[in-house]
Chemist: 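Okay, handing you the structure first.
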Amino acid sequence: MLRFWVIVILVLGAVMGLSYWAMGAMLPTRWATRGRFITASLDVVSVALFFALIRWHGGLPEAFLRAAMIVFSMYWMAKLVLIVLTALVSLARNVHHAVFVSGGDTPADMERRQLLKGAAILPAALAAGVYGGTEGRTRLALREFDVPVSGIDEKLDGFRIAQLSDIHLGLFFSLAEWRELLERAADMKADALAVTGDLFDDDDLNAKAASILDEFVPRFPKGIWFCYGNHEHFRNISATRAALAKTRIRVLCDGNGKVLDGARPLWFAGVDYPRSRSVFKLDGAASLDAALKGVPGNAVKVLLAHHPDFFDGAAEKGVDLVLSGHTHGGQIGILGVPLVPPVFKYMRGVYHVGQTMGYVHSGNGSWFPYRLGCPPEIAVFTLRKK
């Protein structure tokens, strides 16, 4: 946890420094100094309030905390967008000058150019900051995918699996929103629902969340299936297990279950995510072996794995479809491409490893309340005869 906060501080410091540069590149000199002073003051105040709220938030109304954190995220993401746009505009201008302007013969009114640049970039950065903290993180995307599978009969042809992931129940995702999301998922008329971890993220709400999920079991004829994520292990995993044991939810913790008979029977398997594993150096070979133990060789295999690092091992085991999450799709992207550093080998969307199809879900919630170009989603996978 200490390493996490060190990373947060380093990231905030980098954004502060780069935004100082952006102000100088974007505004005329007489305005840049004032702009830098104002933003530096806001930076210090916002960071101080952020850590104060984290340390002494007990007793404060949830609505106030939620609003404060959303405003904080919008402000800092607007600064990040400002940096990116300023860098792109500056690069484009330099390329244009090098290619089309010869020898500096054309006089340049640099102050006027910077003023025009600021007039274009500042509103865009502000709009992106506000959008990502409001509409961008709440507007739900509905995605449909066909999964070609050889040798299946009419029982499996057209079988539909809906996936939810990374709800992160708590400050930024309420029980009411959880129920609404399940209603939307049930409206997709899927045969089964897979929830791939990081749902239970608030010990005060987890038992009720399990009960709400159980209410929707009749809406999915072939059941609701669940695998643990790292945040279940960050919380009181024993209490969560006890709550799930009172429901009809099929928990796949290094285990499996038959879903449907047929020429090729359908089996779901799921791996655990124990806290002792490193997030970035996941070694799930033992879990994968346990999860697939006893599954017939001719079965259509669907693996629920919170971490997408299981894709490669699942492909070696002949798994047909792997459903994962964990990465949140980066939460920030352009045209479906994540802008965050490629920490994970598999980051967002559909991947194919040999004959195995893997999907990294963008998540439905977040612990950082901001999404830009990476909306929450319900993904539905339809098995099709190849």
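Please read these numbers as outputs of a predicted model, since none were measured by experiment.
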Chemist: Roughly how far, to the nearest 0.5 Å, is CZ of Arg137 from OG of Ser366?
Modeler: 6.5 Å
Chemist: Compare all side-chain heavy atoms of Val81 with those of Leu372 and state whether any distance is below 4.5 angstrom.
Modeler: yes
Chemist: For the hydrophobic clusters of this structure (ILVMFWY residues joined by side-chain heavy atoms under 4.5 Å, transitively), does one cluster hold both Ile332 and Leu140?
Modeler: no
Chemist: Please name the pair of heavy atoms, one in Arg371 and one in Pro376, separated by the smallest distance, quoted to 0.1 Å.
Modeler: CD-CD, 3.7 Å
Chemist: Would you kindly confirm whether Leu193 and Phe381 end up in one hydrophobic cluster when ILVMFWY residues are joined by side chain heavy atoms under 4.5 Å apart?
Modeler: no
Chemist: To the nearest 0.5 Å, how far apart are CD1 in Ile224 and CG in Asp214?
Modeler: 7.5 Å
Chemist: Determine the minimum heavy-atom distance between Ser73 and Ile70, stating which atoms define it.
Modeler: OG-O, 2.7 Å
Chemist: Going by atom types only, do His233 and Asp272 share a side-chain donor-acceptor pair under 3.5 Å?
Modeler: yes
Chemist: Below 4.5 Å, heavy atoms only, C-beta onward: do Val350 and His352 meet side chain to side chain?
Modeler: yes
Chemist: Can you confirm whether Leu266 sits close enough to Lys258 that some side-chain heavy atom of one is under 4.5 Å from a side-chain heavy atom of the other?
Modeler: no
Chemist: If two hydrophobic side chains count as joined below 4.5 Å and joins carry through other members, does Leu321 share a cluster with Val353?
Modeler: no
Chemist: State, with a plain yes or no, whether a side-chain heavy atom of Tyr20 is found less than 4.5 Å away from one of Thr39.
Modeler: no
Chemist: Spell out, as yes or no, whether a donor-acceptor pair under 3.5 Å connects the side chain of Arg66 to the backbone of Leu171.
Modeler: yes
Chemist: May I ask you to test the Phe310-Ser324 pair for a side-chain heavy-atom distance under 4.5 Å?
Modeler: no
Chemist: In terms of side-chain geometry, is the basic nitrogen of Lys301 or Asp320 positioned less than 4.0 Å from the acidic oxygen of its partner?
Modeler: no
Chemist: Students often mix this up, so state it plainly: with edges at 30° and 60°, are the rings of Phe226 and Phe200 parallel, tilted or perpendicular?
Modeler: perpendicular
Chemist: List the steps, then state whether side-chain contact (heavy atoms from CB on, under 4.5 Å) holds for Glu316 with Leu288.
Modeler: CA-CA 11 Å; Glu316 294 175 2; Leu288 188 57; over 6 Å; no
Chemist: Going only through I, L, V, M, F, W and Y residues with side-chain contacts under 4.5 Å, is there a path from Ile167 to Leu182?
Modeler: yes
Chemist: Is the count of non-hydrogen atoms from other residues, nucleotides or ligands lying under 6.0 Å from Glu135 atom CD greater than 12?
Modeler: yes
Chemist: Using the six-membered ring wherever Trp is involved, compare the ring planes of His361 and Tyr359 and label them parallel, tilted or perpendicular (cut-offs 30° and 60°).
Modeler: perpendicular
Chemist: Applying the 4.5 Å side-chain criterion to the ILVMFWY set and letting contacts propagate, would Ile9 and Ile83 be lumped into a single cluster?
Modeler: yes
Chemist: Between Asp191 (side chain) and Pro221 (backbone), is there a donor-acceptor pair under 3.5 Å?
Modeler: no
Chemist: Measuring from Leu82:CG to Trp21:CH2, what's the distance to the nearest 0.5 Å?
Modeler: 8.5 Å
Chemist: Below 4.0 angstrom, N of the basic side chain to O of the carboxylate: do Arg235 and Asp201 qualify?
Modeler: yes
Chemist: For the pair Glu154 and Lys385, find out whether any cationic side-chain nitrogen is under 4.0 Å from an anionic carboxylate oxygen.
Modeler: no
Chemist: Looking at Ser19 and Lys79, what are the two nearest heavy atoms and their distance?
Modeler: OG-NZ, 2.9 Å
Chemist: Is there a salt bridge (charged side-chain N to carboxylate O under 4.0 Å, His left out) between Arg241 and Glu232 once you walk through the steps?
Modeler: CA-CA 9 Å; Arg241 285 188 176 124; Glu232 274 82 29; over 6 Å; no
Chemist: Kindly compute the distance separating NE2 (His326) from CG (Asp198), expressed to the nearest 0.5 Å.
Modeler: 7.5 Å
Chemist: Tyr370 vs Phe368 aromatic rings, parallel, tilted or perpendicular, using cut-offs 30° and 60°?
Modeler: tilted
Chemist: Got a second to check how far Tyr346's OH is from Phe311's CZ, nearest 0.5 Å?
Modeler: 7.5 Å
Chemist: Do Trp225 and Ile161 come close enough that some side-chain heavy atom pair is under 4.5 Å?
Modeler: no
Chemist: Applying the side chain to side chain contact (heavy atoms under 4.5 Å, CB included) test to His328, which of Arg348, His168, Met347 qualifies?
Modeler: His168
Chemist: Is it true that a side-chain atom of Glu377 and a backbone atom of Ser362 form a donor plus acceptor pair closer than 3.5 Å?
Modeler: yes
Chemist: Which heavy atom in Ala210 sits nearest to a heavy atom in Leu244, and how many Å separate them?
Modeler: CB-CD2, 4.2 Å
Chemist: Taking it one step at a time, do Met16 and Trp76 satisfy side-chain contact (heavy atoms from CB on, under 4.5 Å)?
Modeler: CA-CA 9 Å; Met16 289 174 67; Trp76 281 89; 3.3 Å; yes
Chemist: Using 30° and 60° as the class boundaries, would you call the ring planes of Tyr273 and His307 parallel, tilted or perpendicular?
Modeler: tilted
Chemist: Taking Thr196 for its side chain and Ser165 for its backbone only, find out whether a donor-acceptor pair lies under 3.5 Å.
Modeler: no
Chemist: May I ask you to decide if Ala263's main-chain N or O and Asp153's side chain share a donor-acceptor pair within less than 3.5 Å?
Modeler: yes
Chemist: As a quick check of understanding, evaluate side-chain contact (heavy atoms from CB on, under 4.5 Å) for Val380 and Gln163, giving each step before the final call.
Modeler: CA-CA 6 Å; Val380 179; Gln163 183 194 8; over 6 Å; no
Chemist: Quick one: do Asp254 and Lys293 make a salt bridge, cutoff under 4.0 Å?
Modeler: no
Chemist: Any side-chain heavy-atom pair from Leu169 and Asn206 closer than 4.5 angstrom?
Modeler: yes
Chemist: Is there side-chain contact between Glu183 and Arg219, with at least one heavy-atom pair below 4.5 Å?
Modeler: yes
Chemist: Search all heavy atoms of Leu156 against all heavy atoms of Arg264 and return the closest pair with its distance.
Modeler: CD1-O, 3.1 Å
Chemist: For the OG atom of Ser211 and the CG atom of Leu175, what is their distance to the nearest 0.5 Å?
Modeler: 10.0 Å
Chemist: Closest heavy-atom contact between Phe172 and Glu177?
Modeler: O-OE1, 3.9 Å
